[in-house]
Amino acid sequence: MSSVLVTGGAGYIGSHTAKALAAEGFQPIVFDNLFRGHRWAVKYGPFVEGDIRDAEAIRSAMREHQIESIIHFAALAYVGESVEQPGLYFSNNVEGLRTVLQVASEEGVDKVVFSSSCTTYGNPERVPIDESFPQSAVSPYGDTKLIGEHLLRWFETSSGTRSVALRYFNASGADPDGELGEDHDPETHLIPNAILAAMGRIPSLSLFGTDYPTRDGTNVRDYVHVSDLASAHVASLRYLMEGGASTAFNLGSETGSSVREVISMVESVSGKAVPVVEGPRRAGDAIALYASALKAKNDLGWNPVHSDLRTICQTAWRWHSTR
Ligand SMILES: NC(=O)c1ccc[n+]([C@@H]2O[C@H](COP(=O)([O-])OP(=O)(O)OC[C@H]3O[C@@H](n4cnc5c(N)ncnc54)[C@H](O)[C@@H]3O)[C@@H](O)[C@H]2O)c1
């Protein structure tokens, strides 16, 4: 059984990916400091508690578990927090990845799948966004992801480490079997917050901007189901194992959904009203972002099957209803 080090595997996307790896015959070894992740979400293989900036902790996990490849999720991922604390983000995300790549190169682990982000495209001039678009991040968080992609390139030059950078759009939904879901604190994502507002667990959902030049005045984003992201990681690993060259893939549903459309869908699947407080636009928010994911479909054979908005909201609602 091929052992995969899953950094950040106690988090949202990492835990769903550990499940998909185990189902496909891989052994996921979760390495996480539990700063934002959950011990309960590690269910599909061994757990090592440690920080990605601790080279010796990574080395010992790699040796003990005979790691052959890495899926690197571990990062801090709040845009607003990154603007307030850029030092924390560069230390955690950039120094963390550098340490992982350094140890991997010393230990002969030469395949890495990296969580990049659509934020590396900044505010693109048009949609859909494909991988050839210029990358220019507009937040410290986005820059840590962009630098991450550069680090991968330079470690390939120096050590031969091949990589796939997966540029996710908005991860959403929950495990269709109900075993896992999104549990962030603080929660900044639209769909869980709409659900929490419908449940009365938060007083209301804040809607930033109703005068955008979109079909209903609200921002448009691309929501992709977390289990579809998980399957893309397994496909990326197989691609690298079969000798595939380093590259980057967008992962999105290729559908733009507006904030109001998301709210309506949450109301439809839950049968409850979402209390909304409308406010002005937030500085820096792009009008509309959605992906072309053709490259992942063609080169990885990626086939997203859960990423329609109804399934996303239904699985997320079911998950939150059990909490
Ligand atoms: N959620 C999204 O929509 C989205 C979109 C694009 C990219 N991403 C990226 O995907 C990855 C996973 O996102 P997520 O939503 O699952 O986030 P998450 O916060 O749920 O998971 C991240 C995990 O990394 C761990 N971690 C953070 N710093 C660490 C460190 N120094 N050492 C060890 N573990 C550490 C956290 O404890 C957490 O379990 C992140 O790299 C994020 O930037 C997420």
Side-chain angles (χ1 to χ4, degrees), residues 5-19 29-42 47-55 57-58 61 70-79 81-82 85 88-100 103 112-121 129 137 139-149 152 165-175 180-193 221-230 232-233 248-253 289 291 307 312 316:
L5 191 71
V6 184
T7 73
Y12 173 43
I13 309 170
S15 58
H16 287 77
T17 301
K19 176 174 177 170
I29 315 294
V30 167
F31 185 98
D32 198 298
N33 65 0
L34 299 181
F35 181 60
R36 295 256 155 92
H38 308 283
R39 183 63 185 86
W40 59 256
V42 185
F47 176 56
V48 180
E49 186 166 347
D51 194 292
I52 50 167
R53 289 162 294 182
D54 181 346
I58 297 167
I70 300 169
I71 305 185
H72 183 72
F73 293 99
L76 300 176
Y78 295 134
V79 170
E81 185 180 66
S82 80
Q85 301 186 66
L88 175 67
Y89 271 69
F90 284 98
S91 161
N92 197 80
N93 296 3
V94 176
E95 177 57 13
L97 174 61
R98 188 205 64 79
T99 307
V100 169
V103 176
V112 178
V113 179
F114 172 59
S115 299
S116 187
S117 166
C118 67
T119 57
T120 59
Y121 295 114
I129 301 165
S139 70
Y141 166 68
D143 254 337
T144 66
K145 294 293 171 184
L146 195 47
I147 294 169
E149 293 197 16
L152 293 173
L166 296 175
R167 299 176 186 152
Y168 325 145
F169 283 63
N170 296 69
S172 50
D175 174 40
L180 299 163
E182 186 164 16
D183 188 357
H184 288 131
D185 183 19
E187 187 52 78
T188 59
H189 294 151
L190 174 63
I191 293 174
N193 276 328
R221 294 289 180 270
D222 181 327
Y223 297 92
V224 54
H225 194 282
V226 64
S227 298
D228 287 332
L229 291 180
H233 288 76
F249 295 108
N250 284 346
L251 297 178
S253 64
L289 299 173
S307 290
I312 286 172

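As the structure lists them, so they are numbered: ligands from 1, and atoms in each ligand from 1. Predicted, not measured: the structure shown is a model, and the values here were computed from it.
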Contact atoms of ligand 1, heavy-atom distance to [X] under 4.0 Å:
X	answer
Phe169	3 (O), 5 (C)
His184	15 (O), 17 (O), 18 (P), 19 (O), 20 (O)
Ala10	39 (O)

Is there a polar contact, in the sense of an N or O pair closer than 3.5 Å, between [X] and ligand 1?
X	result
Lys145	yes
Ser116	no
Leu76	no
Ile13	yes
Gly37	yes
Tyr12	yes
Ala74	no
His189	no

Check the side chains of Ser227 and His16 for a donor-acceptor pair under 3.5 angstrom, ignoring hydrogens and angles. no
Does a side chain donor of either Glu81 or Tyr89 reach within less than 3.5 Å of an acceptor in the other side chain? yes
[atom]: nearest protein contact (heavy atom, Å):
atom	value
atom 40 (C) of ligand 1	Phe73 O, 3.1 Å
atom 3 (O) of ligand 1	Ala171 N, 3.0 Å
atom 30 (C) of ligand 1	Asn33 ND2, 3.2 Å

Flag, side chain of His72 to backbone of Val113, donor-acceptor distance under 3.5 Å: no
Would you call Glu149-Arg167 a salt bridge at under 4.0 Å N-O? yes
Check Tyr78 against His184 and note the closest heavy-atom contact, atom names and distance. OH-CB, 3.6 Å
State yes or no: are the ring centers of Tyr168 and His233 separated by less than 6.0 Å? yes
For atom 31 (N) of ligand 1, the option (of Asp54, Asp32, Asn92) bearing the nearest heavy atom: Asn92
